**Q** 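Quick one: the structure is below, and I'll ask about it shortly.
Letters A, B, ... are given to chains in the order of the sequence lines, protein chains preceding strands, and every chain is numbered from 1. Please read all numbers here as calculations on a predicted model, not as lab measurements.
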Amino acid sequence: MDTFQALLERRLASALSAAGLPRAGEVTPAADARFGDYQTNAAMVLAKQRGENPRALAQKIVRAIEVSDFADKPQIAGAGFINFTLRAEAVAAKTAALLNDDRLGVARADSPKKIVIDFSSPNVAKPMHIGHIRSTVLGDALARIAEFLGHDVIRDNHIGDWGTQFGMVIWGWKNLLDRDALARDPIAELVRIYKETNERATADPAIREACREELVKLQAHEPENYGIWKQCVDLSMQEFARTYELLGIRHDIVCGESFYNDRLAGVVERLLASGIAEESEGAIVVFFRDVAELADKPIIVRKKDGGYNYATSDVATVDYRVQDLKRDTCWYVVGAPQTLHFRQIFEIARREGVTADLRHIPFGNILGEDRKLMKTRAGESVPLREVLDEAVERARKIVEEKNPDLAEAEQQEIARKIGLGAVKYADLSQYRMTDYVFSWDKMLSLHGNTAPYLQNAYVRIQSIFRKAGEVPPSSNISLTEPAELVLAKRLCQFAEIVPTILNDFRPNILANYLFELANSFHAFYEACPVLKSEEPARSSRLALCRLTAKTLQRGLALLGIEVPERM
RNA sequence: GCGCCCGUAGCUCAGCCGGAUAGAGCAUCGGAUUUCUAAUCCGACGGUCGGGUGUUCGAGUCACCCCGGGCGCGCCA
């Protein structure tokens, strides 16, 4: 099923060909409703290329183009724009067709990719904190969208489960561990022993040395230390799993840093053999002398003490994803501060002949109301679980106040959908690079571009259907009121915008669309009574409601957000 | 020093490959309810898009130079 945009592009191409002109320009949604629904700049682009008059070229194109089966006669305006206005019957027919399409008109990708998405990536022996929201929620949404578009997606949790900090964790485990505390709250106890060990090591060189020895034993896979490490990983994973379950997020594989341990020596040998890496000041280093931005920014792949660092394991990770997982596309949903690191890693991969599309998808920070990095009063990062629990609790209070008659269990379930939806949407509705200010009042507001506002539109529709009782689903749609036409056109645009999200990894494009859809629906709801209207308007409006609900539900699902039936 | 990101209404933010008179929400002010969830809608007010130069028929968007803020840059991850 073609979108109107795709249809117009095809008709434009035919017209250009018939007029003896090369393909040029594009069809975009009109900037403003008074210019119709779609516009093309083809005449202006051609005029520039050929040094001809744009309006004359536009005339030529308009004479050659055939759109009368779904649009009014194209209008020429401004410097040479050609504007198209859809006919209401065509919009009605398209809307009716969408009702019977599970994909709501969204085409599958022409060439499906085999993608691995690296997202969330928390650190073992530390709690997930507010800073993990963006990677987790953004990566999950991109995975859902890519899958819906027909791509083959593997979700990989590249957990931080290896590194020098484990020397201290193991020393603390052996000397400071409180078993009861560990049973009560494993992560908190691991954090406590790590912090205390760190303090002692700072003050006492003997303890510092002992920690180093524990680390060396771990790296040699000495059974006791390896066992302690494994317990730390398992306990952490259990904790992460609870958070992911609450969020409704899953991974297909968990290949953390330790997964690559036995591949690191091989990576360095290979880089040395190929001349990509060289020895420098005792370390093994890759220089990028021929790349201007990287010329003075080498990267170490083996420390002078013989140890490897995360650059090494990231090179090994590229290998595994491309060769073992057979991926042609790798997305790294990792914060903006790591931009340089990934440029270096990708440049190494390029030198090794990797042709897969390696993409760092960076994002900005979450700020507190003071516009500084969000922290607790004590100056520590805010645990993610606390944020999510508070979101649900705040939503519950609102539901309780607005809808006291609902059973408590239902209130709780609604609160979960609203609270978590609010947190996710606050993140996804913003361009990923902007640092955004975390505000409970804003994200839980029923006004404006928020999850509850969108969920409310869905709920109002469900309420209509509950009142309507048994209605045979009709796809007889006639659009007479302006608000009906605006809503129907909006519904047709879903299929146009979804594929564009992945151009630059911007789920906020979808969020903005859904906000506008909900807006159009609310306007329709005010202007057009549904149940009290006469046939055939009643059936037609019910059909519009049904498609709106389906589109809201599907769109929010692509963002990882659920809809309640009441709220 | 080198590099990356951000700077749009009083506040919080949209604005995808350059396209027409730059849009929302909050706040402020004014309206709408015997009506399907007013948990909503409609309207008004509000802008030298940080500054400048350039490319272009056309620049918030592209290039270069400044200013301001954030972040990163050989042995942490």
Side-chain angles (χ1 to χ4, degrees), chain A residues 25-26 28 30-32 34-35 39 41 44-45 47-48 54 77-81 83 121 123 160 162-165 257 280-287 292-305 307-311 313-314 335-341 343-344 362-365 367 371-373 398-399 401-403 429-431 433-437 439 441-442 445-450 452-453 455-457 459-468 497 500-501 503-504 506 508-509 511-512 515-516 519 522-523 525-533 541 545 566-567:
Chain A
E26 59 194 357
T28 57
D32 191 298
R34 68 182 178 278
F35 301 132
Q39 61 185 42
N41 58 354
M44 292 183 291
V45 173
K48 187 183 209 165
F81 289 99
N83 294 330
S121 310
N123 292 316
W162 201 255
T164 50
Q165 77 275 19
E257 286 158 359
S280 169
E281 296 173 34
I284 306 300
V285 181
V286 177
F287 289 94
E293 319 90 79
L294 299 178
D296 60 343
K297 295 176 172 46
I299 186 169
I300 289 173
V301 293
R302 195 175 75 195
K303 300 185 284 185
K304 84 179 153 195
D305 67 3
Y308 304 101
N309 51 23
Y310 86 133
S313 73
D314 275 354
Q338 304 223 33
T339 300
L340 172 62
H341 171 72
R343 282 183 77 171
Q344 293 169 322
F363 51 83
N365 298 312
L367 308 177
R371 294 225 51 126
K372 291 182 180 158
L373 220 54
I398 296 170
V399 173
E401 180 189 328
K402 303 283 189 190
N403 233 325
S429 60
Q430 221 126 161
Y431 173 53
M433 284 307 293
T434 12
D435 292 350
Y436 77 88
V437 175
S439 161
D441 290 341
K442 251 192 78 179
S445 166
L446 273 301
H447 299 264
N449 191 5
T450 65
Y453 176 81
Q455 288 166 325
N456 181 238
V459 163
R460 290 179 108 178
I461 295 169
Q462 296 313 97
S463 176
I464 289 175
F465 280 107
R466 276 194 300 275
K467 285 236 163 67
I497 71 101
T500 68
I501 299 166
N503 290 348
D504 193 34
R506 297 191 182 205
N508 68 309
I509 290 175
N512 290 342
F515 174 59
E516 285 165 5
N519 237 327
H522 279 130
Y525 183 94
E526 296 287 329
C528 305
V530 177
L531 297 176
K532 287 172 184 166
S533 59
R541 287 174 183 174
C545 285
R566 314 166 195 268
M567 61 191 280

**Q** Give one of base, sugar-phosphate or nothing for A:Lys467, where a contact means two heavy atoms less than 4.0 Å apart.
**A**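 Sugar-phosphate contact only.
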
**Q** Taking the same atom, C1', in B:G52 and in B:G43, what whole-Å distance lies between them?
**A**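 It comes out at 39 Å once rounded to the nearest Å.
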
**Q** When you match A:Leu531 and A:Arg34 each to their closest nucleotide on RNA chain B, which lands nearer the 5' end?
**A**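 Checking each residue's closest nucleotide, the 5'-ward one belongs to A:Arg34.
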
**Q** Using whole Å, report how far CD of A:Gln39 lies from C1' of B:G18.
**A**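 Spelled out: CD on A:Gln39 to C1' on B:G18 is 13 Å.
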
**Q** Can you see whether A:Tyr453 engages A:Asn519 through a side-chain donor-acceptor pair at a distance of less than 3.5 angstrom?
**A**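 A donor-acceptor contact under 3.5 Å links the two side chains.
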
**Q** What does A:Glu281 touch in the nucleic acid at a heavy-atom separation under 4.0 angstrom: a base, only the sugar-phosphate, or nothing?
**A**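 It contacts base atoms.
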
**Q** Any N or O donor-acceptor pair under 3.5 Å from the base of B:G58 to the side chain of A:Lys48?
**A**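 Indeed there is one.
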
**Q** B:U56 pairs with which nucleotide, Watson-Crick or G-U wobble, both distances below 3.5 Å?
**A**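 In the structure as shown, B:U56 has no Watson-Crick or wobble partner.
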
**Q** Tell me what A:Asn508 touches on the nucleic acid: a base, only sugar-phosphate, or nothing, going by heavy atoms under 4.0 Å.
**A**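 If one applies the 4.0 Å heavy-atom cut-off, A:Asn508 turns out to touch the sugar-phosphate alone, with no base involved.
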
**Q** Mark yes or no for a side-chain to base donor-acceptor pair under 3.5 Å between A:Asn41 and B:G19, with no hydrogen or angle criteria applied.
**A**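 Such a pair exists between side chain and base.
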
**Q** Which part of the nucleic acid, if any, lies within contact of A:Val437, taking any heavy atom under 4.0 Å across all strands shown: a base, the sugar-phosphate backbone alone, or nothing?
**A**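 A:Val437: backbone/sugar contact only, no base atoms under 4.0 Å.
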
**Q** Looking at the side chain of A:Lys304, which of B:G72, B:G70, B:C75 is the nearest nucleotide?
**A**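 Output: B:C75.
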
**Q** Just the rounded figure in Å: distance from P of B:C16 to CZ of A:Arg506.
**A**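 Between P of B:C16 and CZ of A:Arg506: 6 Å.
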
**Q** When the C1' atoms of B:G54 and B:G58 are compared, how many Å lie between them, rounded to an integer?
**A**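 Each nucleotide's C1' atom is 15 Å from the other's.
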
**Q** Between B:C16 and B:C6, how far apart are the two P atoms, rounded to whole Å?
**A**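 Those two atoms are separated by 12 Å.
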
**Q** For B:U40, take OP1 and OP2 only and decide whether either is under 4.0 Å from a side-chain N or O of A:His522.
**A**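 Indeed not, no polar side-chain atom of A:His522 lies that close.
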
**Q** How is A:Asp504 classified with respect to the nucleic acid when contacts are heavy atoms under 4.0 Å: base, sugar-phosphate, or nothing?
**A**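 No contact.
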
**Q** Using the P atom in both, what is the distance from B:A59 to B:G50, to the nearest Å?
**A**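 Comparing P positions in B:A59 and B:G50 gives a spacing of 16 Å.
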
**Q** Can you tell me if A:Ser313 uses its side chain to pair, donor with acceptor, with the backbone of A:Glu257 under 3.5 Å?
**A**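 Looks like no, no N/O pair under 3.5 Å.
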
**Q** Would you find a donor on one side and an acceptor on the other, under 3.5 Å apart, between the side chain of A:Ser533 and the backbone of A:Val530?
**A**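 It does hold such a pair.
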
**Q** Would you please confirm or rule out a distance under 4.0 Å between OP1 or OP2 of B:U40 and any side-chain N or O of A:His447?
**A**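 Yes.
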
**Q** Please give, in whole Å, the distance from B:C71 P to A:Met433 CE?
**A**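 Rounded to the whole Å, the gap is 13 Å.
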
**Q** Could you check how far CZ of A:Phe515 sits from P of B:C41, rounded to whole Å?
**A**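 Whole-Å distance recorded here is 8 Å.
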
**Q** Within the 4.0 Å heavy-atom criterion, would you say A:Ala77 contacts the bases, only the backbone, or no part of the nucleic acid?
**A**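 The answer is base, as A:Ala77 lies within the cut-off (heavy atoms under 4.0 Å) of a base atom.
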
**Q** What is the separation between atom NZ on A:Lys442 and atom C1' on B:G25, rounded to the nearest whole Å?
**A**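 The distance from NZ of A:Lys442 to C1' of B:G25 comes to 7 Å, rounded to the nearest Å.
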
**Q** Reading RNA chain B from 5' onward, which residue's closest nucleotide shows up sooner: A:Ala527 or A:Ala283?
**A**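 Result: A:Ala527.
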
**Q** Does B:A14 have its OP1 or OP2 closer than 4.0 Å to a side-chain nitrogen or oxygen of A:Thr434?
**A**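 Yes, within the criterion.
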
**Q** Please state the C1' separation for the pair B:A14 and B:C76 - nearest whole angstrom.
**A**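 That atom pair is separated by 38 Å.
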
**Q** Which heavy atom in A:His341 sits nearest to a heavy atom in A:Ile299, and how many Å separate them?
**A**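 For A:His341 versus A:Ile299, the nearest heavy atoms are ND1-CD1, 4.1 Å.
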
**Q** Students often get this wrong, so: under 4.0 angstrom with heavy atoms, is A:Ser429 touching a base, only sugar-phosphate, or nothing?
**A**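 Answer is nothing: A:Ser429 stays at 4.0 Å or more from every strand.
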
**Q** Between B:C5 and B:A63, how far apart are the P atoms? Round to whole Å, please.
**A**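 One P to the other, the span is 10 Å.
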
**Q** For A:Cys545 versus A:Ile461, what's the shortest heavy-atom pair and its separation?
**A**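 What the structure gives for the nearest pair is O-CG2, 3.4 Å.
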
**Q** Select base, sugar-phosphate, or nothing to describe what A:Ile300 touches, counting heavy atoms under 4.0 Å on all strands.
**A**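 Base contact.
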
**Q** For A:Asn309 and A:Ile300, indicate whether the former's side chain and the latter's backbone hold a donor-acceptor pair under 3.5 Å.
**A**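 Yes, the answer is positive, given that a donor and an acceptor are paired below the 3.5 Å cut-off.
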
**Q** Using both distances under 3.5 Å as the test, list the Watson-Crick or G-U wobble partner of B:C36, or none.
**A**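 Across all strands, not a single nucleotide pairs with B:C36.
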
**Q** Quick check: does any side chain N or O of A:Asn365 sit under 3.5 Å from a backbone N or O of A:Leu367, one acting as donor and the other as acceptor?
**A**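 No; zero donor-acceptor contacts below 3.5 Å.
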
**Q** Is it the case that B:C17 (base atoms only) and A:Glu26 (side chain only) share a donor and an acceptor within less than 3.5 Å, ignoring hydrogens and angles?
**A**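 Such a pair is found, so the answer is yes.
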
**Q** I'd like to check, for A:Phe35, whether its ring lies over the base of B:A20 with centroids under 5.5 Å apart and a plane angle smaller than 30°.
**A**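 Stacking is present between B:A20 and A:Phe35, given that their ring centres fall under 5.5 Å apart and the planes under 30°.
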
**Q** Applying side chain to side chain contact (heavy atoms under 4.5 Å, CB included), run through A:Asn512 and A:Phe515 and close with a yes or a no.
**A** CA-CA 5 Å; A:Asn512 290 342; A:Phe515 174 59; 5.6 Å; no

**Q** Taking any strand in view, what nucleotide pairs with B:G23 in a Watson-Crick or G-U wobble way, both distances under 3.5 Å?
**A**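 Its partner is B:C13.
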
**Q** With respect to the phosphate group of B:C41, does any side-chain polar atom (N or O) of A:Asn519 fall under 4.0 Å of OP1 or OP2?
**A**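 For B:C41, OP1/OP2 do have a side-chain N/O of A:Asn519 under 4.0 Å.
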
**Q** Give A:Gln430 one of three labels, base, sugar-phosphate or nothing, depending on what nucleic acid heavy atoms sit under 4.0 Å from its own.
**A**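 The residue A:Gln430 makes sugar-phosphate contact but no base contact.
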
**Q** What distance, rounded to whole Å, do you find between the two P atoms, one in B:C29 and one in B:G23?
**A**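 Their P atoms lie roughly 25 Å apart.
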
**Q** Round to a whole Å and report the spacing from OH of A:Tyr453 to P of B:A24.
**A**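 In whole Å, B:A24 P and A:Tyr453 OH are 13 Å from each other.
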
**Q** Measure from the side-chain heavy atoms of A:Ile464 and tell me the nearest of B:A39, B:C36, B:A77.
**A**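 The listed nucleotide nearest to A:Ile464's side chain is B:C36.
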
**Q** Tell me whether A:Phe81 is stacked on the nucleobase of B:G19, counting only the six-membered base ring and applying the 5.5 Å and 30° thresholds.
**A**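 Not stacked by the 5.5 Å and 30° rule.
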
**Q** Which one is paired to B:G30, where only Watson-Crick or G-U wobble pairs with both distances under 3.5 angstrom count?
**A**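 Partner of B:G30: B:C42.
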
**Q** Pairing check on B:C4: which nucleotide meets the Watson-Crick or G-U wobble criteria with it, both distances under 3.5 Å?
**A**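 Base partner found: B:G70.
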
**Q** Indicate, yes or no, whether a donor-acceptor pair under 3.5 Å links the base of B:A77 to the side chain of A:Asp314.
**A**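 Not at all, since no donor on one side and acceptor on the other fall under 3.5 Å apart.
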
**Q** Return no unless some side-chain N or O of A:Lys303 is found under 4.0 Å from OP1 or OP2 of B:C76.
**A**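 Yes, A:Lys303 has a side-chain N/O under 4.0 Å of OP1/OP2 on B:C76.
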
**Q** Would you classify A:Pro529 as touching base, sugar-phosphate or nothing, given that sugar-phosphate means primed atoms plus P, OP1 and OP2, and contacts are heavy atoms under 4.0 Å?
**A**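 Result for A:Pro529 = base.
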
**Q** Looking only at atom C1', what distance separates B:C71 and B:C65, rounded to whole Å?
**A**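 So the two C1' atoms sit 22 Å from each other.
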
**Q** Would you say A:Thr434's side chain and A:Tyr436's backbone share a donor-acceptor pair under 3.5 angstrom?
**A**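 Answer holds: no.
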
**Q** Looking at every strand, decide which applies to A:Asp435 at a 4.0 Å heavy-atom threshold: base, sugar-phosphate, or nothing.
**A**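 Result for A:Asp435 = sugar-phosphate.
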
**Q** A:Tyr431 OH to B:G15 C1': how many Å, rounded?
**A**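 To the nearest whole Å, that distance equals 12 Å.
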
**Q** May I ask you to decide if A:Lys297's main-chain N or O and A:Gln344's side chain share a donor-acceptor pair within less than 3.5 Å?
**A**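 Yes, A:Gln344 side chain to A:Lys297 backbone: donor-acceptor pair under 3.5 Å.
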
**Q** Tell me: CZ of A:Arg302 to P of B:C76, nearest whole Å?
**A**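 Computing the A:Arg302:CZ to B:C76:P distance gives 15 Å.
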
